[in-house]
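Report on the following structure.
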Protein chains: 2
Amino acid sequence: MPKRVTIADVAAHAGVSHMTVSRVINGANAVSEGTRQRVQAAIDDLGYRPSGIARSLATQRTRTLGVVVPDVSNPFFSDIVLGVEHVAYAANYNVFLCNTEEDPERELSVLHSLEEKQVEGLILCSSRLDDKDLDLALRNHPATVLINRRLPQPDVSAVLVDYELGARLLVEHIVQAGRRNLAFLAGPSASQSRVWRESGYSKALAAADLPPRPARVRSCAPSVAGGQEAARALLSEYPEIDALLCYNDLVAVGALQAAAALGRRLPDDVAVTGFDDIALAALVTPPLTTCRVPRYELGVQAMKLLWQHINGDSSSPALITIPPELVIRASTPSPAT
Amino acid sequence: MPKRVTIADVAAHAGVSHMTVSRVINGANAVSEGTRQRVQAAIDDLGYRPSGIARSLATQRTRTLGVVVPDVSNPFFSDIVLGVEHVAYAANYNVFLCNTEEDPERELSVLHSLEEKQVEGLILCSSRLDDKDLDLALRNHPATVLINRRLPQPDVSAVLVDYELGARLLVEHIVQAGRRNLAFLAGPSASQSRVWRESGYSKALAAADLPPRPARVRSCAPSVAGGQEAARALLSEYPEIDALLCYNDLVAVGALQAAAALGRRLPDDVAVTGFDDIALAALVTPPLTTCRVPRYELGVQAMKLLWQHINGDSSSPALITIPPELVIRASTPSPAT
DNA sequence: CTGTTAGCGCTTTCAC
DNA sequence: GTGAAAGCGCTAACAG
């Protein structure tokens, strides 16, 4: 390993003190043009690159952030990460990406390791920690923005999706299309976003003077397989069902497949809606009516908020709620029908 | 900002020297059980967390890695990142994730910033830099593993996919199914992996005694839209085409759509194949025959290789080639047909 | 404009 | 077993 070239090497090479070199690399103006050039030449000659570590220790700033997600390979989160990283790059920050793999222990562990790494800020998506543990784990972090999760008492900023609104838009659309026998493939029972979506579903049902039918709300894994299974069961038990609202697009694709396998015509016999609008949604047959969640934008907003906190512009916590948008495709009949 | 608690605070609290605290947090055995417990109590009391920055400066180890991809929101790369991060986590490393957004300038810039951050290793996917720039940019990095990219002269390890084999498997499958009029939607002309795939295509064509027909090799954007456009053009110009081999699954989905729009039956009139086997491939109509690239595995292998280099177990560079696997679905006729 | 002196919070080395 | 001293590579604060 060729020993790293340090500021002292550059200083010697240029015949100045290391302080002058420091000034040059930091763009301080208090350096004469002549020496600046000499130092710069030495830097180039030696291929010197300042040590971020030493710098961070001296300045107490790391220009480093942590982003924690359950699983980057999930397009929902990878889009968020992209948005965060894009803004972070522009602000000259590097981001540590950590996957929790849905494991609370691991989530705590990465939160601790990010603390040791001295991240200046943290963006935490869909935390699986309970309020108490989460609060504790964030206590030592200088700045945090939560995505898709709120913390009640303590003052932590968050960027949220208005899932309740989304569910309502979807139900209204379905009801306007003449459907009366809705069912809800509700996703994992522990999920916070499920609660929001389910609440929107119930409220919209009530607003449309339709009876709540708890039996037609069915938990399922948030996957194609989960959707298939739940849809098959529901359609068999309640053949009169004419619309399946799904937790997310993957579940909806499963529902699509199950309905087709049972000989139901789509959307004439059964309408299906998804949620999120991942790339897949537009590409299945029939294309999915869904509710678009602007994931990249979520990441961007979260990062901008974090940026403000880091810079103390707005030390007071903020709650940003982002409205999702109805996207009508062929898996639901048009209202005219 | 509540001042960070340092090793000195813990030492004072426990009534020992900071050296003893250091020993405790590093699990050194040369500490009596009694003082160890007293120190541990102080650590817990104060919620002390050692500064990774200070540690890194003293030890010259950061336990930090860099992963550079064109775009995390592309499932191809997010799966790789997941594999890398999984192994890195187990090895107690944190990873900086950087997107180049396909911009060589930005790629250079993140490579430099990772250098300043003192990453101990680097995994670089599908670099868009030319050999010279790439070589230069890696020169100061202590350990690097390339994915989907080779560097000729200098000794840099790489994990590669045998795209040529994959293309050959696909062509053989198509030819066995009785198709003779193949065309190739070849993807972006600058891409290295396109070169490999195209070479496999040509060789397999020759092996099957089919004439090379350069006009039926068409560049296209690596997206659904790109595939639609190219397929529409090819099928219009050469109505006799009975099989479309596509650069990747997205292009294939576009081809599927274009063929259907032109009234072609799938796969009876036109067979279509993809590449990669992203989730989408199994879910479109008809499901895509494709070639599975084990992306998570790519990430895992790359990280294991990097790990070896970091630990000097194997300082000599290695080239790992991973074979893709034919996945037959309904977008191609069965060989019996 | 430039250099000197102190740290940043930890580990390494060597005494005791 | 424990501690004192020095230093990792840089910047802050002051001197000249």
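From a predicted model like this one, the values you see are computed outputs, not experimental measurements. In the text below, chain A, chain B and the rest are named by the order of the sequence lines, each starting its count at 1. Atoms considered below: every heavy atom in the structure, side chains included; atoms not considered: hydrogens, waters and symmetry mates.
Mapping Ala54(B) and Ala58(A) onto DNA chain D by nearest heavy atom places Ala54(B) at the nucleotide closer to the 5' end. Looking at which nucleotide of DNA chain C each of Glu33(A) and Ile7(B) is closest to, the 5′-most match is held by Glu33(A).
Side-chain atoms of His18(B) come within donor-acceptor range of the base of dT11(C), with a qualifying N/O pair under 3.5 Å. The base of dG1(D) lies outside donor-acceptor range of the side chain of Arg36(B), with no N or O pair under 3.5 Å.
Atoms CE (Met19(A)) and P (dA6(C)) sit 16 Å apart, rounded to a whole Å. Protein atom CD of Gln60(A) is 12 Å distant from nucleotide atom C1' of dA12(D), rounded to whole Å. Whole-Å rounding puts the Ile53(A) CD1 to dC8(C) C1' distance at 13 Å. For the pair Arg61(B) CZ and dG9(D) C1', the interatomic distance rounds to 19 Å; values are reported in whole Å. Taking atom CG of Asn26(A) as the reference point, atom P of dG9(D) lies 17 Å away to the nearest angstrom. In this structure, the CG atom of Leu57(A) is 13 Å from the C1' atom of dA12(D), given to the nearest Å. One can place CZ of Arg55(A) at 16 Å from C1' of dC8(D), the figure rounded to the nearest angstrom. Rounded to whole Å, atom P of dG9(C) lies 14 Å from atom CG of Leu46(B).
Contact annotation: Thr59(A) does not reach the phosphate of dT11(D) (side-chain N/O to OP1 or OP2, under 4.0 Å). Residue Ser51(B) places no side-chain N or O under 4.0 Å from the OP1 or OP2 atom of dC8(C). OP1 or OP2 of dT11(C) has at least one side-chain nitrogen or oxygen of Ser22(B) nearer than 4.0 Å. Contact annotation: Ser17(B) reaches the phosphate of dG3(D) (side-chain N/O to OP1 or OP2, under 4.0 Å). Look at Thr6(A) and you won't find any side-chain N or O under 4.0 angstrom from OP1 or OP2 of dC8(D).
Here the side chain of Arg23(A) is nearest to one of dT2(D), dG9(D), dG3(C), namely dG3(C). Each of dG9(D), dT2(C), dT11(C) was ranked by its minimum atom distance to the side chain of Ala30(A); first place goes to dT2(C). Nearest to the side chain of Val16(B), among dT11(C), dG3(D), dC10(D), sits dG3(D).
For the side chain to side chain contact (heavy atoms under 4.5 Å, CB included) criterion with Met303(B), the lone passing option out of Leu65(B), Val145(B), Leu298(B), Val95(B) is Leu65(B).
The aromatic rings of Trp196(A) and Tyr163(A) lie parallel to each other, with less than 30° between the two planes, well short of the 60° mark.
For the pair Phe96(A)/Thr64(B), a side-chain contact is recorded, criterion being any heavy-atom separation below 4.5 Å from C-beta on. A 4.5 Å side-chain heavy-atom check between His86(A) and Tyr296(A) finds at least one atom pair inside the cut-off.
Salt-bridge annotation for Asp131(B) and Arg149(B): present, with a side-chain N of the basic residue lying under 4.0 Å from a carboxylate O of the acidic one.
Annotation for Glu105(B): atom CD does not count as buried by contact number, only 12 or fewer foreign heavy atoms lying within 6.0 Å.
Among the heavy atoms of the strands lying under 4.0 Å from Thr35(A) are primed sugar atoms or P, OP1, OP2 only; no base atom is included.
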